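Please read these numbers as outputs of a predicted model, since none were measured by experiment.
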Amino acid sequence: MLSRVGQTTKRLLLNSTIHARTSTIKRSFNTETVPSLYTFTEEEEMLRDAVRKFATEVVQPKVSEMDEAEQMDPAIIKGLFDQGLMAIETDPDLGGAGASFTSAILVIEELAKIDPSVSVLCDVHNTLVNTVLRKYASNELKEKYMPQLSTSKLGSFALSEPSSGSDAFALKTTAKLSADGSHYVLNGSKMWITNSYEAGIFLVFANVDPSKGYKGITCFLVEKEMGVKIAKKEKKLGIRASSTCTLDFDDVKVPKENVLGEIGKGYKYAIEILNEGRVGIAAQMVGLAQGAFNLSVPYTFQRQQFGSAVGLNQSMQHQFAAVATEIEAAKLLTYNAARLKEEGRDFVQQAAMAKWYSSVVAQKASGSAIEWAGGVGFTRELGIEKFWRDSKIGAIYEGTSNIQLSTIAKFITKEHS
């Protein structure tokens with residue numbers, strides 16, 4: 001009996017000691033609550049709600065028509081400008097909203113829930129074109145072009161070429177300084193260039209000294225009127241309303257003042273900006289996955305088979321749960337990468353993870369959504385099949401899935417080898 005009492009006392013003393021130590025530990029930590037990744041500023045929430053309304057009321061009625069025509073409705077582009085969605089991070093003094101990077105990510109996500117084509121048009125304009133100008137352009141270039149990019153002119157990012165896709169720095173387009181030093185003459189071709197059919201302003205990467213390899217690559221701001229030619233408009237599997245073209249530059253004269261940033265630093269700018277762009281594509285894929293999910297799942301609860309709704313079948317519900325969880329995980333990866341970028345912390349690995357995983361989830365979610373809806377999902381009636389077609393590009397542009405996995409692997413190797 002005494003033995004048992006002794007054991008009980010020891011346990012009480014041990015628990016008391018543990019409690020005291022735990023209390024001390026708790027007091028030593030800052031008890032301020034750390035916000036979740038779903039914590040947004042009032043401005044971010046208001047912008048997201050406004051975009052959701054615009055996408056539902058303005059974009060949605062035109063989605064099918066634009067997809068069939070493989071053409072972006074000019075009224076949609078004008079609407080994006082009118083809503084202030086084409087200069088989200090741009091300084092208000094230059095016509096922008098001066099909002100956060102996460103704001104841009106939320107806009108891209110919401111648009112993609114309705115039409116990924118409209119989403120990527122907005123994405124490339126904001127996260128690539130505008131960002132390059134904000135970070136690297138001279139004050140003169142900013143003051144001249146950013147108000148145009150904020151209010152009326154669409155931007156395009158011209159890096160890829162027939163012989164330089166994933167190996168972007170193998171580009172062949174050249175820029176030769178004129179004898180009097182007043183301008184550069186651009187010659188070459190660009191391929192797979194988003195927004196290029198409607199764009200008025202192009203960021204063109206060309207080599208001023210091929211003997212230096214990638215260290216000769218320089219970024220030029222080129223107006224369409226300077227001589228940019230649309231050589232071919234691609235007919236694509238998905239994101240059909242988003243233009244993708246081959247561009248020709250035949251002795252295009254560009255004023256030397258339109259060199260964006262420093263000579264020979266174009267490769268550096270491209271690498272840095274594409275990291276941000278990958279978070280944008282991740283947001284597009286997250287929105288796409290959610291859009292397909294939102295179209296298909298309600299239909300399964302309307303369709304009756306064997307005396308009950310298809311969506312009440314346990315096997316179906318387990319599939320819904322699995323895909324919903326994967327969308328959630330992709331979303332949180334994307335939000336985390338966005339916040340890391342805003343905090344000025346390294347986010348390259350997280351951007352690659354978000355882009356890769358979101359593209360995987362988008363393909364799975366949209367493909368499953370077709371199957372959940374059965375025969376009608378395979379038709380164009382509900383628009384679910386369009387999300388699957390649109391999802392395929394997520395594994396290709398702004399860095400293929402293999403490039404993302406290689407990037408992630410490099411960080412793992414560096415940490416553990």
Side-chain angles (χ1 to χ4, degrees), residues 47-88 97 103-130 149-157 193-200 233-245 277 279-295 334 358-359 362 366 380 382-394 397-398:
L47 180 59
R48 180 184 58 190
D49 292 344
V51 174
R52 186 175 297 164
K53 187 174 187 292
F54 172 78
T56 302
E57 295 180 0
V58 179
V59 177
Q60 192 165 35
K62 298 185 177 184
V63 172
S64 179
E65 178 186 345
M66 293 192 300
D67 183 62
E68 293 288 343
E70 301 191 27
Q71 186 78 43
M72 187 68 65
D73 189 327
I76 296 295
I77 300 176
K78 184 178 185 302
L80 291 168
F81 279 112
D82 291 345
Q83 293 290 316
L85 302 180
M86 300 300 268
I88 298 168
S103 294
I105 294 307
L106 293 173
V107 169
I108 294 162
E109 179 189 354
E110 288 300 323
L111 289 173
K113 290 178 184 178
I114 302 300
D115 190 352
S117 291
V118 175
S119 175
V120 74
L121 179 144
C122 182
D123 173 24
V124 168
H125 185 90
N126 277 285
T127 67
L128 296 184
V129 179
N130 286 347
L149 288 164
S150 298
T151 59
S152 60
K153 284 196 176 181
L154 186 63
S156 183
F157 187 84
I193 306 304
T194 302
N195 290 355
S196 50
Y197 190 79
E198 302 88 357
K233 187 170 183 282
E234 301 292 346
K235 298 178 73 67
K236 307 190 300 293
L237 170 71
I239 57 167
R240 292 176 177 174
S242 167
S243 65
T244 304
C245 302
V279 185
I281 297 302
Q284 181 203 23
M285 292 295 114
V286 167
L288 185 158
Q290 191 66 61
F293 191 92
N294 292 349
L295 273 183
T334 303
S358 296
S359 69
S366 57
R380 299 182 185 181
L382 294 182
I384 298 171
E385 56 82 34
K386 178 184 180 299
F387 281 110
W388 181 80
R389 287 189 286 108
D390 290 350
S391 75
K392 301 300 292 184
I393 191 61
Y397 62 9
E398 295 201 32

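- Looking only at distances, no side-chain donor or acceptor of Lys113 sits under 3.5 Å from a matching main-chain atom of Arg52.
- Judged purely by atom type and a 3.5 angstrom limit, Asp115 has no side-chain atom pairing as donor or acceptor with the backbone of Val59.
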Evaluate side chain to side chain contact (heavy atoms under 4.5 Å, CB included) for Leu80 paired with Leu111, printing each intermediate quantity in order.
-> CA-CA 10 Å; Leu80 291 168; Leu111 289 173; 4.1 Å; yes

Side chain to side chain donor-acceptor pair (under 3.5 Å) evaluation trace for Asp123 with Ser119 | CA-CA 6 Å; Asp123 173 24; Ser119 175; over 6 Å; no

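- Proximity of Tyr397 to Val124: side-chain heavy atoms (C-beta onward) are nowhere separated by under 4.5 Å.
- Here the closest heavy-atom approach between residue Met66 and residue Ala241 is recorded as CB-CB, 3.8 Å.
- Distance alone, capped at 3.5 Å, is enough to place a donor-acceptor pair between the Lys233 side chain and the Glu70 backbone.
- Atom-to-atom distance recorded for Asn126:CG and Leu121:CG is 9.5 Å, nearest 0.5 angstrom.
- Taken from CE in Met72 to OH in Tyr197, the straight-line distance is 13.0 Å, to the nearest 0.5 Å.
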Would Lys386 and Leu295 satisfy side chain to side chain contact (heavy atoms under 4.5 Å, CB included), going step by step from the backbone distance to the final call?
-> CA-CA 11 Å; Lys386 178 184 180 299; Leu295 273 183; over 6 Å; no

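- Going from atom CD1 of Ile193 over to atom CD of Glu234 covers 10.5 Å, rounded to the nearest 0.5 Å.
- Taking all atoms of both residues into account, the shortest heavy-atom contact from Ile108 to Gly280 is CG2-O, 3.4 Å.
- Looking only at side-chain heavy atoms (C-beta outward), Arg389 and Arg240 come within less than 4.5 Å of each other.
- A distance of 8.5 Å separates OG of Ser242 from CD of Gln284, quoted to the nearest 0.5 Å.
- When all heavy atoms are compared, the tightest approach of Ala199 to Gly155 is CB-C, 4.2 Å.
- Between Arg380 and Glu68 there is a salt bridge, since a side-chain N of the basic residue sits under 4.0 Å from a carboxylate O of the acidic one.
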Could you check Lys236 against Ile393 for side chain to side chain contact (heavy atoms under 4.5 Å, CB included), going step by step and ending with a plain yes or no?
-> CA-CA 10 Å; Lys236 307 190 300 293; Ile393 191 61; over 6 Å; no

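- Side-chain atoms of Thr194 never come within 3.5 Å of backbone atoms of Thr244 as a donor-acceptor pair (strictly under, hydrogens ignored).
- The structure places OG of Ser243 at 3.5 Å from CD of Glu198, a figure rounded to the nearest 0.5 Å.
- Between Val58 and Ile76 the shortest heavy-atom distance is O-CD1, 3.8 Å.
- Within the model, atoms CG of Leu154 and CE of Met86 stand 5.0 Å from one another, a figure rounded to the nearest 0.5 Å.
- Within 6.0 Å of the CZ atom in Phe81, the count of heavy atoms belonging to other residues, nucleotides or ligands exceeds 12.
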Can you list the steps and then say if Val107 with Leu47 is a side chain to side chain contact (heavy atoms under 4.5 Å, CB included)?
-> CA-CA 8 Å; Val107 169; Leu47 180 59; 3.7 Å; yes

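- Here the closest non-hydrogen pair linking Ser366 and Ala362 is OG-O, 2.7 Å.
- Proximity of a side-chain donor or acceptor of Asp390 to a complementary backbone N or O of Gly238 within less than 3.5 Å is not detected.
- Taking a 6.0 Å sphere around NZ of Lys53, one finds it holds 12 or fewer heavy atoms contributed by other residues, nucleotides or ligands.
- Between Leu149 and His125, the closest heavy-atom pair is O-NE2, 2.8 Å.
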